[in-house]
Number of protein chains: 2
Amino acid sequence: MSVRLVVSRQCDEQHEKRCAGSKNHGKKNHLERVDAMTARVSCNDCSLSPICLPLAVRADELEQLDNIIRRGRAMKRGEHLYRAADTFDAVYAVRSGALKTYSVSEEGEEQVTGFYLPGEIVGMDGISTARHVSSAKALETASVCEIPFDRLEFLSSRIPSLQHHFFSLMSREIQADRELHLLVSKKSADDRIAALLISISARHKLRGLSATTFRLPMSRYDIANYLGLAVETVSRTFTRFQQQHILRVEGREVEILDRGALCGAAPREILQQPC
Amino acid sequence: MSVRLVVSRQCDEQHEKRCAGSKNHGKKNHLERVDAMTARVSCNDCSLSPICLPLAVRADELEQLDNIIRRGRAMKRGEHLYRAADTFDAVYAVRSGALKTYSVSEEGEEQVTGFYLPGEIVGMDGISTARHVSSAKALETASVCEIPFDRLEFLSSRIPSLQHHFFSLMSREIQADRELHLLVSKKSADDRIAALLISISARHKLRGLSATTFRLPMSRYDIANYLGLAVETVSRTFTRFQQQHILRVEGREVEILDRGALCGAAPREILQQPC
DNA sequence: CGGCACATTGAGGAAACTCAACAAGTGTGG
DNA sequence: CCACACTTGTTGAGTTTCCTCAATGTGCCG
């Protein structure tokens, strides 16, 4: 039942077309060198496969999926994966590192719309417009797998479970947005920050990492922006949580000392899971 | 200050080329005439077809779609279409009237997550969990067409344009949520209310109804809840808009007197189109 | 007509914002 | 290797927007 996957297949024609149109064209070669190891790992050998796209397909179908994916594009901190108004032709699975998505209003104010950790899919908001409506930026050194959307659609119509999984992913994205809506429109600053911490904690845990100790990939500004708060409020809340022995915070390093208190502050429906 | 909020969750006119095939015969003011006959009208004869699901399929495929749809379920004001935790097995196209969706937090507080007008699709948030995560309730006398989701998935894998349209719909839902996020987390009460009014106005216009004079299907409480405000704030804002001759308000009847002021007081690029 | 949900208006208070200053960490170039 | 600019984060003081509480008005339905 196991399928051996060809490591290479890096440059099929779709890929070339895409590269040609990409603004980041110039960086490609450099980046592929940088990440030579991870770039070549097939889905089959990827540790993220249980929580990433491959979970939706049977082993014997995985090769088809594997073939359309361009793996391991490396990104440096601050680099853009795509920008608002870029043509949409792919979605991306985060392989390592972390990204944020954001849009910019006409006055130039930024709105952070999401944070993405390994195994999560970025870029689904551009489907309807054929252009990205937001931008995606690496919060730290990261790498992503590119999944050309037209091919994914084609494959989806052949593999029902993949189609379903993709509907499912988008549905989950909607759910998450609704929970965020509740958070931002009804909850206090404390609740919002607690909820974000718990969410990140849970996502770390899902990846087999510590649920209590982790490094926040984003700045206070990003947190504040995402949650609809002022930076100062975020900072003060962290300080207070620390005084109350709920957290230990040192810059971006966080240790959750009293999960119960956090959960109490943050309603649990935000987490989709018991605290 | 500026806000972005989509004109319509699902049915703006910038659709894929695929929709070119659908004929739009007489899309007049049918929406207001809720006659008993509507229950039996096939998609083919439905005045909403240019902005509803049928726009995604060719004429010769429409019959297949038509066959899986259970049409014209009538609902009375306050009646539920589904409730959170109900098993998810269908999505619904609003045929007439209006619905709201909402979830209830553990503390029992309600969070209104969306308003749905004729031609829009409700219920897509339940796909990933196989259960609805929110409830949908009629704001007034309404009727909906039920679309069993497993059949829709099956059909989607046969009709690429339908699959794409559905991805597109969900993507648009995500976009709308992101814009709402910006609105709620960054904008003033004035801006939020202005943006909602403009959104509803635009959606009415798209349906061939007046963009300046319309009746809000939802209560002040729902508006406040949706926008993350107190009812009193909504009320006061309406009053002030009226004093400033931006609106004429009489209960739920609204007339937009100064669209420019609305757009400026809240934003012009809400619409991705001139205001 | 009363009962009830919905809506408006006023007064006072509080959570979070803005402004401002400062501290610490990061990177760049001389 | 240090000086300097710059970004990021923290803390304080005063202000503002919006919320809460409370009272009253209005329309609808049995």
Side-chain angles (χ1 to χ4, degrees), chain A residues 76-79 100 107 109-110 112 137-141 183-197 215-244 247-254 265, chain B residues 1 3 76-79 98 100 107 109-112 137-141 183-194 196-197 215-244 247-254 265-266:
Chain A
K76 278 179 296 192
R77 177 193 161 100
E79 189 182 334
K100 72 170 178 183
E107 285 98 1
E109 48 181 6
E110 180 176 317
V112 174
K137 192 178 190 177
L139 290 168
E140 56 194 23
T141 304
L183 200 63
V184 169
S185 81
K186 301 266 185 306
K187 301 298 178 181
S188 68
D190 283 14
D191 284 350
R192 296 184 210 180
I193 289 169
L196 178 63
L197 290 172
R215 182 183 167 79
L216 296 171
M218 72 294 278
S219 70
R220 300 287 191 269
Y221 285 86
D222 286 333
I223 294 175
N225 189 306
Y226 179 65
L227 295 175
L229 297 170
V231 210
E232 294 92 332
T233 304
V234 174
S235 202
R236 282 187 248 271
T237 304
F238 273 168
T239 304
R240 191 158 23 76
F241 278 173
Q242 192 155 11
Q243 286 163 354
Q244 297 166 345
L247 295 181
R248 203 180 52 70
V249 185
E250 208 180 314
R252 296 188 179 184
E253 295 294 337
V254 173
Chain B
M1 225 172 260
V3 180
K76 277 180 297 193
R77 177 193 162 99
E79 190 181 334
K100 72 170 177 182
E107 290 97 1
E109 49 181 4
E110 181 176 316
Q111 173 64 59
V112 174
K137 193 178 190 176
L139 290 168
E140 56 193 24
T141 304
L183 200 62
V184 170
S185 83
K186 301 265 185 305
K187 301 301 177 181
S188 69
D190 284 12
D191 284 349
R192 297 185 209 180
I193 289 169
L196 178 64
L197 289 172
R215 182 183 168 78
L216 296 170
M218 73 294 279
S219 70
R220 300 287 192 269
Y221 285 86
D222 287 332
I223 294 174
N225 189 307
Y226 179 65
L227 296 176
L229 298 169
V231 209
E232 295 91 332
T233 304
V234 174
S235 204
R236 280 187 250 269
T237 304
F238 274 168
T239 304
R240 191 156 24 77
F241 279 173
Q242 192 155 13
Q243 287 163 354
Q244 297 165 345
L247 294 182
R248 203 180 51 73
V249 185
E250 207 179 316
R252 297 190 180 184
E253 295 294 336
V254 173

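Just so we're on the same page: letters track the sequence lines, and every chain starts at 1.
Taken from NZ in A:Lys186 to CD in B:Gln111, the straight-line distance is 3.5 Å, to the nearest 0.5 Å. Distance check: B:Thr239 OG1 to B:Gln244 CD gives 11.0 Å after rounding to the nearest 0.5 Å. B:Asp222 CG to B:Asn225 CG: the interatomic distance, rounded to the nearest 0.5 Å, is 7.0 Å.
Side-chain contact between B:Asp190 and B:Arg240 is present, with at least one heavy-atom pair separated by less than 4.5 Å. At a threshold of 4.5 Å between non-hydrogen side-chain atoms, the residues B:Leu229 and B:Thr237 do not count as touching.
In this structure, B:Asn225 places its CG atom 17 Å from P of D:dC18, rounding to the nearest Å. For the pair A:Lys186 NZ and D:dT20 P, the computed distance is 10 Å after rounding to whole Å.
Residue contacts shown for A:Gly228 are limited to sugar-phosphate atoms, with no base heavy atom under 4.0 Å away.
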Worksheet, complete the sentence: For nucleotides 4-11 of chain D, 5' to 3', base contacts (B), sugar-phosphate-only contacts (S) and non-contacts (-) with protein non-hydrogen atoms under 4.0 Å give ----SSBB

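Heavy-atom contacts of chain A under 4.0 Å fall on DNA chain C between two terminal nucleotides, which in 5' to 3' order are C:dA16 to C:dA20.
For the pair B:Val249 and B:Arg220, the tightest heavy-atom approach, listed with the atom from each and the gap, is CG1-NH2, 3.6 Å.
Ion pairing between a basic and an acidic side chain is recognised when a charged N comes within 4.0 Å of a carboxylate O; B:Glu110 and B:Lys137 show no such pairing.
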Worksheet item: Going through the checks in order, is the salt bridge (Lys or Arg N to Asp or Glu O under 4.0 Å) test met by A:Arg252 and A:Glu140?
Response: CA-CA 12 Å; A:Arg252 296 188 179 184; A:Glu140 56 194 23; over 6 Å; no

